[in-house]
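Chain letters run A, B, ... following the sequence lines, proteins first, then strands; residues in each count from 1. Please read these numbers as outputs of a predicted model, since none were measured by experiment. What's counted below: heavy atoms across the whole structure, side chains too, no hydrogens, waters or symmetry copies.
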There are 2 protein chains.
Amino acid sequence: MVLSEKQKELIERIGVFHEHKGMQPLVGRIIGLMLIHDNAEVTFDEIVDLLGVSKSAVSNALTFLQAKERVVYTTKPGDRKRYFKLKIHDWKENFTKDIVGIVEIQKFLAEVLEERKDKDSEFCAQMRDFSNFLEFFRHEIPSLFERFKKKYS
Amino acid sequence: MVLSEKQKELIERIGVFHEHKGMQPLVGRIIGLMLIHDNAEVTFDEIVDLLGVSKSAVSNALTFLQAKERVVYTTKPGDRKRYFKLKIHDWKENFTKDIVGIVEIQKFLAEVLEERKDKDSEFCAQMRDFSNFLEFFRHEIPSLFERFKKKYS
DNA sequence: ATTTTGGTTCTCTTTTTACAGAACTAACAA
DNA sequence: TTGTTAGTTCTGTAAAAAGAGAACCAAAAT
């Protein structure tokens, strides 16, 4: 496969988007490549060739993506290459992980509220509000998926 | 104010939590300090003293936090110091920003779906699912706040 | 008028990140 | 058995991030 200018540019933009989320540049670009690749899966050296980066960088990035459960590989009989692809099927899990990541602040709010002496201050009241909301939201996630399912069926 | 060991350690943990979200170390620690500080507000040189960092670092971090609308300062009559504090009151806005940040991937999914040739593949179907869900979720946010409000009143 | 305060900005240094390149390894192939 | 393929790991390095320290500045105090 050869990338069009438009595809290259889209990969870059997907790359920087993921950089902003704290991923290292190449990781974001690999995600982009996997999204736009015609076969929806790429081999190790396709990544090397198409993105023009070193094998070591690709190896590390793929290890990372597999550890984060964002990518898996399959193999084909009589072919030693690995075919890496996004676990897009698991979008619910990934989305949930992202949400959990932001809701996690609640844990610290609770600790802070525990530690503070001015429990009945406006400041603490607002923290409690936020904390309660996060708690509420966390429990709402499953029902969110359900309501979505109901709507689209 | 002088920080207890427990408070120091909590600030550190809140700091690394925010680092993981892509903020620079000191920024996260300042958030931590503002959360645990008895007065819920800190002056410039309290930050310098309590966290043991340079004025320049504090100045930059505070500029950043104000630009991101996470912090404001107030002043007191006959006192030139600025009293910086978290805009914890705006937790809804901040939370929404975080959510929008993760939902933003939808924009790229749409572009990718536009660009791909295999529209009726399993891969595209899953992307559409996810994309539709994100769209759905985005519209659900206000109702989420409402349902929370209803529950706690 | 000059000193102090509260903070900003500039330059330099340290540390960390992100990656290249080469050496290496395990499985298979000739 | 030697070579090739597919990837990993190790070592070095360029670039970027994070912050220190000093110079600087404006407003207020003396």
Expressed as a whole number of angstroms, how long is the span from [X]:[atom1] to [N]:[atom2]?
X: B/H18; N: D/dA18; atom1: NE2; atom2: P; result: 15 Å
X: B/F44; N: C/dT4; atom1: CZ; atom2: P; result: 20 Å
X: B/I47; N: D/dG19; atom1: CD1; atom2: P; result: 13 Å
X: A/D79; N: D/dT4; atom1: CG; atom2: C1'; result: 14 Å
X: A/F84; N: D/dG7; atom1: CZ; atom2: P; result: 5 Å
X: A/L51; N: C/dA20; atom1: CG; atom2: P; result: 10 Å
X: B/E19; N: D/dA18; atom1: CD; atom2: P; result: 8 Å
X: A/L62; N: C/dC19; atom1: CG; atom2: C1'; result: 14 Å

### Message
Classify A/V58 by what it touches in the nucleic acid, base, sugar-phosphate, or nothing, heavy-atom distance under 4.0 Å.
### Response
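If one applies the 4.0 Å heavy-atom cut-off, A/V58 turns out to touch nothing in the nucleic acid.
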### Task
Describe the nucleic acid contact of A/L26 in one word from base, sugar-phosphate, nothing, applying a heavy-atom distance below 4.0 Å.
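It contacts sugar-phosphate atoms only.
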### Query
Can you find a pair of side-chain heavy atoms, one from A/I31 and one from A/R70, that are under 4.5 Å apart?
yes
### Query
A/M1 versus A/N39: any side-chain heavy-atom pair under 4.5 Å?
no
### Query
If you check every side-chain atom of B/Q24, which of D/dA18, D/dT8, D/dG21 has the closest atom?
D/dA18
#### Entry: Nearest-nucleotide pick for A/K81, side chain only, options being C/dT9, C/dG6, D/dA6
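Shortest atom-to-atom distance from the side chain points to D/dA6.
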### Query
Ion pair present between B/K87 and B/D90, side-chain N to carboxylate O less than 4.0 angstrom?
yes
### Query
Which residue, A/R80 or A/A57, contacts DNA chain D at a nucleotide closer to its 5' end, judged by nearest heavy atom?
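In this pair, the answer is A/R80.
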### Query
Does the side chain of A/K55 get closer than 4.0 angstrom to OP1 or OP2 of D/dG7 through an N or O atom?
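No, A/K55 has no side-chain N/O under 4.0 Å of OP1/OP2 on D/dG7.
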### N/O (side chain, A/R82) to phosphate O (OP1/OP2, D/dT8) under 4.0 Å
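Yes, because at least one side-chain N or O of A/R82 sits under 4.0 Å from OP1 or OP2 of D/dT8.
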#### Entry: Residues B/H37 and B/E46: side-chain donor-acceptor under 3.5 angstrom
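Yes, side-chain donor-acceptor contact under 3.5 Å.
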### Task
Starting from the 5' end of DNA chain C, give me the residue, A/G22 or B/S56, whose nearest nucleotide shows up first.
B/S56
### Message
Quick check on ring pair (Phe, Tyr, Trp, His ring centres under 6.0 Å): which of A/F130, A/F136, A/F133 does B/F145 satisfy it with?
### Response
A/F133
